[in-house]
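Lettering follows sequence order; numbering is per chain, from 1.
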2 protein chains.
Amino acid sequence: MKVKRTLQDVEKKIIAFFLKNGRMPSYSEITEIIGVRSKSVAHFWVAKLLDAGVLQKDAKGFLTLTRNPRALKLAGEVCAGFPASAEEEIRDIVSFDEYLVRNPESSFLLSVTGDSMIDAGIREKDIVIVETKKEPGDGDIVLAEVDGNWTMKYFCRKGKTVTLEAANPKYSPIIPRADLRIAGVITAVIRKYHK
Amino acid sequence: MKVKRTLQDVEKKIIAFFLKNGRMPSYSEITEIIGVRSKSVAHFWVAKLLDAGVLQKDAKGFLTLTRNPRALKLAGEVCAGFPASAEEEIRDIVSFDEYLVRNPESSFLLSVTGDSMIDAGIREKDIVIVETKKEPGDGDIVLAEVDGNWTMKYFCRKGKTVTLEAANPKYSPIIPRADLRIAGVITAVIRKYHK
DNA sequence: TTGACAATAGAACGATCGTTCTATATCATA
DNA sequence: TATGATATAGAACGATCGTTCTATTGTCAA
């Protein structure tokens with residue numbers, strides 16, 4: 001039972017190791033995961049992957065993946081003709097952790113309850129990212145305390161007066177008393193189907 | 001000018017190194033980044049961080065971070081009283097890359113155009129994750145070809161008949177002809193404010 | 001069959017790894 | 001000031017690192 005080793009096989013196994021262990025394998029470990037008995041064979045294949053641009057070496061000579069294996073392709077805005085022809089034009093990749101969160105230390109997540117922002121496309125059970133330590137501006141969606149409860153509202157500033165408005169005609173605008181408490185600004189909304 | 005070194009300082013510098021380089025520093029590198037001249041000092045502080053549970057060692061003895069430094073706290077669903085009292089109850093952290101994408105290889109991103117799913121809370125310029133190689137079920141939102149254009153619709157199966165319905169009264173339900181083409185199932189919606 | 005090339009094995013090299021030791025310097029508190 | 005705890009320095013250890021070498025095996029085309 002002879003197995004032909006291909007460049008893609010080796011790449012997949014190294015990426016699998018990275019995803020599982022959170023770090024790149026050493027040459028000894030590559031020797032194990034590709035199923036050979038000599039480190040020089042691992043070196044042989046890694047040299048090929050370096051040549052192919054799949055792997056890189058950082059300033060200290062450590063192996064790194066050229067691309068984040070969890071990143072996704074971002075198709076263009078124009079859907080027409082997709083996906084038959086667009087396979088080539090697809091580009092721009094994103095790591096959500098970096099894309100969505102600017103300041104991890106001053107941010108937290110909140111599972112949405114209620115329908116106060118339904119017309120802004122924020123629905124029950126959505127997850128929002130709330131960034132504290134961020135000054136709310138006119139039109140921002142904020143997490144604010146209203147009547148002793150925390151809720152999401154549009155932050156509307158007209159001159160010196162501030163009003164909190166829901167994105168739902170059910171609720172009336174609120175002109176807060178002196179003790180306006182704002183926990184943070186909503187910087188992103190995430191909704192996941194198929195839990 | 002004497003600087004007092006604290007456990008938090010060392011932790012921050014190690015996390016900063018990890019975020020910048022995508023890997024954990026060696027003891028020699030820790031020696032550099034915390035500004036001392038002996039590896040044993042790095043070992044001294046790492047031992048403290050291991051003791052404090054900030055760092056771990058994996059099966060092979062490599063240092064790893066106990067928690068993903070990009071992960072965010074998830075506040076409970078009940079907002080009442082937040083955030084004064086909830087600081088202690090906050091738990092459950094998430095890495096979006098892992099949370100949102102199950103199969104990176106068969107998924108891609110799409111910037112939404114049009115308003116066909118507005119009543120489902122999917123708006124123009126939102127980003128959706130489309131998973132190909134996933135069988136659509138009744139009620140799923142799919143990316144489908146309608147009249148030569150790709151658009152998002154509810155996938156509705158009643159017995160053997162399939163209809164595509166928009167979440168917008170402007171558009172009528174569609175009973176597709178034989179050549180129903182579905183690119184994939186929408187598994188998540190992402191909206192980011194404050195680009 | 002033969003020759004050329006690709007792939008694997010195994011051994012060896014210096015360099016760096018993580019660890020551990022002793023010794024010194026600094027600080028807080030009695 | 002004296003004392004113990006904390007923090008830093010420096011040297012040394014075996015183990016593993018990445019690299020490089022020679023030698024052998026396997027594959028495919030001439």
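Of the listed residues (B:Val41, B:Ile30, B:Val10), just one forms a side-chain contact (heavy atoms from CB on, under 4.5 Å) with B:Val46, and that residue is B:Ile30.
Separating the NZ atom of A:Lys60 from the C1' atom of D:dG18 is a distance of 15 Å, rounded to the nearest angstrom. Spacing between atom CG of B:Leu63 and atom P of C:dT16 amounts to 19 Å, rounded to whole angstrom units. Following rounding to the nearest Å, B:Met24 (CE) and C:dT16 (P) show an atom-to-atom distance of 21 Å. In this structure, B:His43 atom NE2 and D:dA9 atom P are separated by 16 Å, rounded to whole Å. One can place CG of B:Leu55 at 14 Å from C1' of C:dG18, the figure rounded to the nearest angstrom. Between the CD1 atom of B:Ile14 and the P atom of C:dG18 there is a distance of 11 Å, given to the nearest Å.
Closest to the side chain of A:Trp45, from the set D:dT8, C:dT8, C:dG10, is C:dT8. The side chain of A:Tyr27 sits closest to D:dG18 out of D:dA7, C:dT19, D:dG18. Listed candidates were D:dA9, C:dT8, D:dG18. Nearest to the side chain of A:Lys57 is D:dG18. Checking D:dA9, C:dG10, D:dT8 against every side-chain atom of B:Ser40, the shortest atom distance belongs to D:dA9. Out of D:dT8, D:dT20, D:dG10, the shortest distance to the side chain of B:Arg5 is found at D:dT8. Nearest to the side chain of B:Lys48, among D:dA7, C:dA9, C:dT19, sits D:dA7.
Geometrically, B:Arg23 engages A:Phe62 in a cation-pi contact, judged by NZ or CZ lying under 6.0 Å from the ring centre and within 45° of the ring axis. Under a cutoff of 6.0 Å and an axis angle of 45°, A:Lys39 and A:Phe44 do not form a cation-pi pair.
If you find the closest nucleotide of DNA chain D to B:Phe44 and to B:Phe62, the one lying nearer the 5' end belongs to B:Phe44. Projected onto DNA chain C by closest heavy-atom contact, B:Lys39 and A:Gly35 fall at different nucleotides, the more 5' of which corresponds to A:Gly35.
Atom CE of B:Met24 is separated from atom OG1 of B:Thr64 by 7.0 Å, given to the nearest 0.5 angstrom.
Of the possible donor and acceptor atoms, one in the side chain of A:Lys192 sits under 3.5 Å from a partner among the backbone N and O of B:Tyr99.
At D:dC17, one or more side-chain N or O atoms of A:Ser28 fall inside 4.0 Å of OP1 or OP2 (strictly under the cut-off). At the phosphate of C:dG10, OP1 or OP2 sits under 4.0 Å from a side-chain N or O atom of A:Arg37.
Side-chain atoms of A:Ser26 and base atoms of D:dG18 include no donor and acceptor less than 3.5 Å apart.
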